[in-house]
Novice: 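I'd like to ask some things about the structure below.
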Amino acid sequence: MNRTDASTTDLLKGIPLFASLDAAAIGELAARCRRRQFAGGTALFHAGDPGHTLYIVVSGSVSIQHETAEGVTVHIAQRGPGEIIGDMALIDGKPRMADAVTAAPAELVMLDREAFVACVERSPRIAFGVMSHLAERLREAGRRLESRQSLDVRGRLAERLLELAATHGREDPRGGVRLEVRVSQQSLAEQIGTTRETVNRELSRMREVRAVRLDGRTIVLTDSRKLQRYAGR
């Protein structure tokens, strides 16, 4: 096994979808994976495209989004290092349900459906990993729907910032939690169902009460308790 295969093996081991696989199956999958670098703003696939490939984010981030009939882009989710994209279509082979676009320069590992299906046939235990993964996705979708129905704009923004901190945050030397993923105010607006101007106004209010700090284009959460209260936690 070469060095690239070894690092891909470590990456696969850390993904819940593949956690139940034995070393031989993981190694076989790693050997069949491909790594590629993508520039920011690159479309990996569009809604309706055939679902033949699973993507794993090594670095950078990918936006999952959908364009309405009116031409409005609705942000669904943001995937960062260690997270997977395209798993639904990979499992059932049906067309993609949304667009996937790199939000920044990204390195991705790609696994084709044929290799994935062969792995499932060899190790049925992966089915439990698949069910667990899909259940978490359904819970995530339910939380987002509930949040939009019950919270005001400030609460939805606080909820989204806390979610990003949980998946892409690290401790900041000056205090608080720094979001390692770059997210624009327009993107935040699309994610919580409001306008960029409203997000800008709410972030300013959060800065005034020292709940967040802006470090250039990076958001730092400085008082998670206040954000949790806004989010109704």
Novice: Minimum heavy-atom separation for Pro81 and Gly60, please, with both atom names.
Specialist: CD-O, 3.4 Å
Novice: Pair Ser187, Ser184 - check side-chain hydrogen bond (donor to acceptor under 3.5 Å, both in side chains), show working.
Specialist: CA-CA 5 Å; Ser187 177; Ser184 68; 4.7 Å; no
Novice: To the nearest 0.5 Å, how far apart are CG in Leu108 and OH in Tyr55?
Specialist: 8.0 Å
Novice: Just verifying a value: how many Å separate Phe38 CZ and Met110 CE, rounded to the nearest 0.5 Å?
Specialist: 4.5 Å
Novice: Under 4.0 Å between a side-chain nitrogen and a carboxylate oxygen: does that hold for Glu202 and Arg205?
Specialist: yes
Novice: What is the distance from atom OG1 of Thr42 to atom CD of Gln37, rounded to the nearest 0.5 Å?
Specialist: 11.0 Å
Novice: Any sub-3.5 Å donor-acceptor pair from Ser63's side-chain atoms to Ala103's backbone N or O?
Specialist: no
Novice: Are Val220 and Val212 connected, step by step, through hydrophobic side chains (Ile, Leu, Val, Met, Phe, Trp, Tyr) whose heavy atoms are closer than 4.5 Å?
Specialist: no
Novice: To the closest 0.5 Å, what do you measure between CD1 (Ile192) and CG (Leu157)?
Specialist: 4.5 Å
Novice: Using atom types as modelled and distance alone, determine if a side-chain donor or acceptor of Arg96 lies under 3.5 Å from a backbone N or O of Gly86.
Specialist: yes
Novice: If you define the side chain from C-beta out and look only at heavy atoms, does anything of Asp99 sit under 4.5 Å from His66?
Specialist: no
Novice: Please find the pair of heavy atoms, one from Ile15 and one from Leu11, that lie closest to each other, and give the distance.
Specialist: CG1-O, 3.4 Å
Novice: Under the criterion side-chain contact (heavy atoms from CB on, under 4.5 Å), which of Asn200, Thr195, Thr198 is the partner of Gln185?
Specialist: Asn200
Novice: Do the side chain of Thr222 and the main chain of Ala211 share a donor and acceptor less than 3.5 angstrom apart?
Specialist: yes
Novice: I need the Thr9 OG1 to Leu29 CG distance, nearest 0.5 Å.
Specialist: 9.0 Å
Novice: Can you check whether Val177's main-chain N or O pairs, donor with acceptor, with Asp172's side chain at less than 3.5 Å?
Specialist: no
Novice: Check whether any side-chain heavy atom of Leu179 sits under 4.5 Å from a side-chain heavy atom of His168, and report yes or no.
Specialist: no
Novice: Should Ile64 and Ile85 count as side-chain neighbours, where that means a heavy-atom distance under 4.5 Å?
Specialist: yes
Novice: Within the side chain of Ser61, is there an N or O that forms a donor-acceptor pair under 3.5 Å with the backbone of Arg79?
Specialist: no
Novice: Verify, without hydrogens or angle tests, whether Asp10 (side chain) and Ser7 (backbone) share a donor-acceptor contact under 3.5 angstrom.
Specialist: no
Novice: Mark yes or no for whether Asp112, through its side chain, and Glu114, through its backbone, hold a donor-acceptor pair below 3.5 Å.
Specialist: no
Novice: Report yes or no: do Val101 and Val109 belong to one cluster of Ile/Leu/Val/Met/Phe/Trp/Tyr joined by side chain heavy-atom distances under 4.5 Å?
Specialist: no
Novice: Would you say the side-chain atoms of Lys226 pair up with the backbone N or O of Arg210, donor to acceptor, closer than 3.5 Å?
Specialist: no
Novice: Please round to the nearest 0.5 Å and tell me the distance separating atom CD of Gln78 and atom CG of Leu188.
Specialist: 9.0 Å
Novice: For residues Arg213 and Arg207, determine if any side-chain heavy atom of one lies less than 4.5 Å from a side-chain heavy atom of the other.
Specialist: no
Novice: Is Asp215 reaching over with its side chain to a backbone N or O of Thr218, donor-acceptor style, under 3.5 angstrom?
Specialist: no
Novice: Going by the side-chain contact (heavy atoms from CB on, under 4.5 Å) test, name the single residue among Leu54, Ile56, Thr8, Thr53 that passes it with Leu111.
Specialist: Leu54
Novice: The criterion is side-chain hydrogen bond (donor to acceptor under 3.5 Å, both in side chains); which residues satisfy it with Thr194, sequence neighbours excluded?
Specialist: none
Novice: Work out which heavy atom in Ala165 is nearest to a heavy atom in Leu221; give both atom names and the distance.
Specialist: CB-CD2, 3.7 Å
Novice: Between Arg32 and Glu28, does at least one N-O distance fall below 4.0 Å, as a salt bridge requires?
Specialist: yes
Novice: Should the pair Arg156-Glu159 be classified as a salt bridge under the 4.0 Å nitrogen-to-oxygen rule?
Specialist: no
Novice: Please determine whether salt bridge (Lys or Arg N to Asp or Glu O under 4.0 Å) holds for the pair Glu107 and Arg35, giving the CA-CA distance in whole Å, both sets of side-chain angles, and the decisive distance to 0.1 Å.
Specialist: CA-CA 7 Å; Glu107 180 180 5; Arg35 281 184 180 241; 3.0 Å; yes
Novice: Testing the basics here: between Leu12 and Ala30, what is the closest heavy-atom pair and its distance to 0.1 Å?
Specialist: CD1-N, 3.7 Å
Novice: Evaluate whether atom CD of Glu197 has more than 12 neighbouring non-hydrogen atoms of other residues, nucleotides or ligands under 6.0 angstrom away.
Specialist: yes
